[in-house]
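Notes to accompany the following structure.
Both backbone and side-chain heavy atoms feed into the values below; hydrogens, waters and symmetry mates do not. Because the structure is a prediction, the values reported are computed rather than measured.
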Amino acid sequence: MAKYPLRILALVYLLFLLVLPVGLVIWRTFEHGLRPVIDTLTSENATHAFAVTLSVAIWSVLANTLFGIVAALLLVRHRFPGKRLLSALIDLPLAVSPVVVGLALILVYGKFAPAGGWLERNGLQIIFSLPGMVLATVFVSLPLVVRAIVPVLEEMGDEQEQAAHTLGASRWQTFLRITVPGIRGALGYGIVLCLARALGEYGAVAVVSGRLVGQTQTATLFVEERYQNYDQTAAFTTATALAIIAIAILLITKLLRPKENA
């Protein structure tokens, strides 16, 4: 009998925490019709903000996908000193505030830091430019791909991989034909989580980007800037667009994912 009150409690919780806030944002977006929405999405600053967001997200997902696969294989398939420390460091971004991450990156790669100063003297600016924003986003989304793959690798075991080696398959062939198909679903899930995190990142990017309108302003920063300047239609429109993009990514991933054999 307790299942019905629990269901009602869960639905009410989601209603007030998720459905009502998002619904109100969408309603405020289209409150004055479709024309203001189109004008906002086609404005120069908005299109540039979405372009910067997409660039940061793509580079971050690529970096974390490569790192996630390598780190997961290292944690599951190998034993080495410092393995627990590596696992703890991978989870560190989940505990550290994104604002702290941004400040830490400035201390390392800022203009007056030894590393950052040397890079700028050699023509590569990190802070207040796209590379710094990518680094910040990579850091905050670092564990997502790794933690999606690790349980699947542990469940798979390495018997099939060892059998492939015994039959003469190279490590690369074993990885492509056995490991990748086995972790494909988990890898896709981790990439989706990483992409969603990258698209919605605010804190760390706000610190390292400088919030330069038309230069280093992402879509989330554009929402804040427009809202603070009392352009609520533009703020709500951009927020709604980000929400729709996130939902579309989830749906496309589910549609493209191959059906598992029974």
### Message
I want to check something: taking the side chain as every heavy atom from C-beta on, are Leu74 and Phe80 in contact at a cut-off of under 4.5 Å?
### Response
yes
### Query
Would you say the side chain of Arg226 lies within less than 4.5 Å of the side chain of Thr40, judging by non-hydrogen atoms?
no
#### Entry: Separation of Lys111 NZ from Ile126 CD1 (nearest 0.5 Å)
14.5 Å
### Message
Quick check on Tyr109: does its OH atom have over 12 non-hydrogen neighbours (other residues, nucleotides or ligands) under 6.0 Å away?
### Response
no
### Task
May I ask you to test the Leu187-Ile149 pair for a side-chain heavy-atom distance under 4.5 Å?
yes
### Message
Does any part of the side chain of Ser209, heavy atoms only, come nearer than 4.5 Å to the side chain of Leu221, both counted from C-beta?
### Response
yes
### Query
Thr179 versus Leu73: any side-chain heavy-atom pair under 4.5 Å?
yes
### Task
Return the minimal non-hydrogen interatomic distance between Gly168 and Gln173, and the atom names on each side.
O-OE1, 4.4 Å
### Task
Spell out, as yes or no, whether a donor-acceptor pair under 3.5 Å connects the side chain of Thr220 to the backbone of Glu201.
yes
### CZ (Arg171) with more than 12 external heavy atoms under 6.0 Å
no
### Query
Just wondering, do Phe67 and Ile90 contact through their side chains at under 4.5 Å, heavy atoms?
yes
### Message
Any heavy-atom pair between the side chains of Leu242 and Phe50 that's under 4.5 Å?
### Response
yes
### Query
Would you call Val146 and Leu142 a side-chain contact if the rule is heavy atoms closer than 4.5 Å?
no
### Task
Please name all residues satisfying side chain to side chain contact (heavy atoms under 4.5 Å, CB included) with Trp27, sequence neighbours left out, ordered by chain then number.
Glu31
### Task
Mark yes when over 12 heavy atoms from residues, nucleotides or ligands other than Tyr227 sit less than 6.0 Å from its OH; otherwise mark no.
no
### Query
With distance as the sole test, does Arg147 use its side chain to make a donor-acceptor pair with the main-chain N or O of Asp91 at under 3.5 Å?
no
